[in-house]
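One structure is given below, encoded as structure tokens.
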2 protein chains.
Amino acid sequence: MRQDASPRQGQRDTASVTLQDIAAHAGVSRSTVSLVLRESPLVAERTRLKVQRSIKALGYVYNRGAAALRGSRTSTLGVVVYDIANPFFGAMVAGIDAALNREGYVSFLANSEDSPARQQRFLERMREHRVDGILLCPAEGTDPTLIDTLDGWGMPCVQVLRHVGEPPFDYAGADFHQGVCQAMDHLVALGHRRIAFLGGHSEHSATRERWQGYRESLERHRLTYQRLLRSTVTRRDGVAMIQQLMAESPAPSAVVCHNDLVAFGAMLGLKHLGRVPGVDCAVIGTDDVEEATLGDPALTSVATHPHAIGEEAARLALRRIATPEGAREQVVLAPRLQVRDSCGATRPPSGATELNPAAGEHA
Amino acid sequence: MRQDASPRQGQRDTASVTLQDIAAHAGVSRSTVSLVLRESPLVAERTRLKVQRSIKALGYVYNRGAAALRGSRTSTLGVVVYDIANPFFGAMVAGIDAALNREGYVSFLANSEDSPARQQRFLERMREHRVDGILLCPAEGTDPTLIDTLDGWGMPCVQVLRHVGEPPFDYAGADFHQGVCQAMDHLVALGHRRIAFLGGHSEHSATRERWQGYRESLERHRLTYQRLLRSTVTRRDGVAMIQQLMAESPAPSAVVCHNDLVAFGAMLGLKHLGRVPGVDCAVIGTDDVEEATLGDPALTSVATHPHAIGEEAARLALRRIATPEGAREQVVLAPRLQVRDSCGATRPPSGATELNPAAGEHA
DNA sequence: GCTAGTTTTTAGACCAATCCAAAAACGCCA
DNA sequence: TGGCGTTTTTGGATTGGTCTAAAAACTAGC
């Protein structure tokens, strides 16, 4: 495809046009060209136009590496998630990307797979690239001092979804505590008395918050049945946990799940046992991923708005970069219980299910 | 958190330790330190250890911007996808990330949302950052000359999943043509004669390949019923299309879908109509995302192995970077029909469904 | 026409690495 | 001890921008 020895170029070696060349072509100094590139108001209109014409004519390409060397900003961010294959994170990253894009920022992405070591390597790498800041969904088992370390580096860091270390720190996430309470209240209102909670380690905040919501709800409603199963948070775990629970006596009449993946697994597990989710045992998930409307029955879930969280996190990061010493902020979005058919629906499980995120009515 | 005026540092201003400082501390020259950093075999063992000790002692941070200025490589890649919220891309990005991580590469990610303009902006930005190469899932409506433009830039580019422009180019994807044929053959073997195909625009290769597979299969099996519906490829489209089809006479007895999202939508639409997917109308998807095992019935789908495609694409890119003038390569992974219960299963739709990706048996 | 004040432009140092070619150090043997 | 071939080390040029402070070019007022 590419002819060897005679690379096709509009004009000379396209990779080597520098500020100096533009300056010569336009009959001004290097400094002036630099000012034009950065849209400085110092430059006179006529000069600006002249320089811009030269830039076009020579096919100049701005060299961000060189600019970063002397300047203070790279317009670059590092983003760490622990499971990009989870559609929840997909939506969140889309939100981050949209917000950053609007501000002329661009981001590195790493998938830590919940490995603190891998996360650490990436963060060090980001430091070498002189990114302006980090968006971090800390991997499970992250050393809480990591936040202090980043602070010591002078690296702005916004934690997302989970947080480690001591406040004050920048954080964007959902109110998981409240989310679980909403789910519990709903189930209690439907008459459930034996409600279990499925999934999570205690290593990080997002899990602790959920568990606390569970325990507080039990107390508030004076429920004596208490069953909290720890696990990683995949479909497979959901299947295993529900099977374990249904074999017990008494079995729960409802389960609230750490996330939608676990809830999907729980529903699947119930089917394996010949039980009908939503009839024999109510199931509520957390996240409200798009897939929640699928399945039979459609999953009732606590919506945590990943796209909005992503945008919010990006906004926070940009604000911190602009004012490094400003007060730390925590943005905690309110969740919303999205009622569908997996928690004792009035309609038959195989009946019509809505596609739009509009809550179904329940008696 | 961060004390103003007295930033906490282990030793001096941590951000300003340079090669020069290391050289002075270790009693060698700047050049030698540089060689040590790049793990050059030229350096004597004793010197290497001495320098490494100084690097640790002073808390040195490598400056990749500076290195990129003089050197030829940045160990950096740009990745463009068009819908990161789609779990298929999530898995693919995870594959890319894993493969790059192993080779010490790190990547920028952009979500084009199928906007060629946004894609273009990102690519130009990547050029300014001097990335070593691009992994591109071209946005719908991408001008085919884009590939020539990138080539003109001297920028290695591997297209993924879709491709535009004329071969030879580097490409990693799945054999969508063969995938559709497998699905069609399976349906015909089950006795279906009226099979429709749902979804896709004709703008890019991946859709054309699917359609061609559909039409060829019709011919090969001498089927006269032909119904191919164009659309974007979301759940919503699946619902709409299946409802339109079922209102026709004759209605299809089976549908093959552009991707799993459309297939999920189709199953949902059938339920809306009071029909049972897999009984009243067989449904086959493409991608085999993890969610395919959910739902009722579990979705039969053509597995296209996104994680593997991602790894393969990354591998191709690294190879091209190493040998810019080598022959272009196209890696096309064979798809595999993952038979479950949505296409005329022998078991009852509400019965046990498997979680593991092991094919269900059919009479 | 001269001066003071404002607007534009510029020279030259600087950022932190890599590259190249040449110099220094080393080892070995006559 | 000198000479020769390796192995290591090094100085200085180079990369392509930004920054700062000062110079130059205008403008208006007297």
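Just so we're clear, the structure is a prediction, and the values are computed from it rather than from any experiment. Lettering of chains follows the sequences in order, A, B, ..., and the numbering in each one begins at 1.
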| task | Check the distance between C:dA17's P and B:L37's CG and give it to me in whole angstrom. | result | 8 Å

| field | Considering all heavy atoms, the nearest B:H129-A:T74 contact | value | CE1-O, 4.1 Å

| query | Taking atom P of C:dA17 as reference, at what distance in whole Å does atom CD1 of B:I55 sit? | reply | 10 Å

| What do the steps show when you test B:R102 against B:E311 for salt bridge (charged side-chain N to carboxylate O under 4.0 Å, His left out), and what is the final call? | CA-CA 11 Å; B:R102 283 196 292 272; B:E311 287 193 295; 3.0 Å; yes

| remark: Separation of D:dT9 atom C1' from B:K50 atom NZ, nearest Å, is 11 Å

| query | Where each residue is assigned the nucleotide of DNA chain C containing its nearest heavy atom, which of B:S31 and B:L69 is assigned the position nearer the 5′ end? | reply | B:L69

| note | Between A:L19 and B:L42, the residue closer to the 5' end of DNA chain D by nearest nucleotide is B:L42

| request: Among D:dA13, D:dT8, C:dA16, find the nucleotide with the atom closest to the side chain of B:T18. | output: C:dA16

| field | Side-chain touch B:D97/A:L109, heavy atoms, less than 4.5 angstrom | value | no

| query | Whole-Å distance between D:dG17 C1' and A:Q20 CD? | reply | 11 Å

| query | Rounded to whole angstrom units, what separation is found between the CG atom of B:L35 and the P atom of C:dA17? | reply | 14 Å

| request: Select one nucleotide: of C:dT9, C:dC14, D:dT10, the one nearest the side-chain heavy atoms of A:T47. | output: C:dT9

| query | Which part of the nucleic acid does B:R30 contact within heavy-atom distance under 4.0 Å: base, sugar-phosphate only, or nothing? | reply | base

| said: On the nucleotide D:dC19, are OP1 or OP2 found under 4.0 Å from the side-chain N or O atoms that A:R38 carries? | reply: yes

| remark: Which of D:dG16, C:dA16, D:dT18 is nearest the side chain of A:S34? It is D:dT18

| request: Look at the rings of B:H163 and B:F169 and say which category their plane angle falls in: under 30° parallel, 30 to 60° tilted, over 60° perpendicular. | output: tilted

| What's the OH-P distance between B:Y62 and C:dC15, to the nearest Å? | 19 Å

| Interatomic distance where CG belongs to B:N63 and C1' belongs to D:dG17 [whole Å] | 13 Å

| task | Please state how far atom CZ in A:R70 lies from atom P in D:dG16, giving the value in whole angstrom units. | result | 17 Å

| task | Please examine the side chains of B:R48 and B:E39, heavy atoms only from C-beta on, and report whether any two atoms are closer than 4.5 Å. | result | no

| query | Are any of B:T32's side-chain N or O atoms less than 4.0 Å away from OP1 or OP2 of D:dT10? | reply | yes

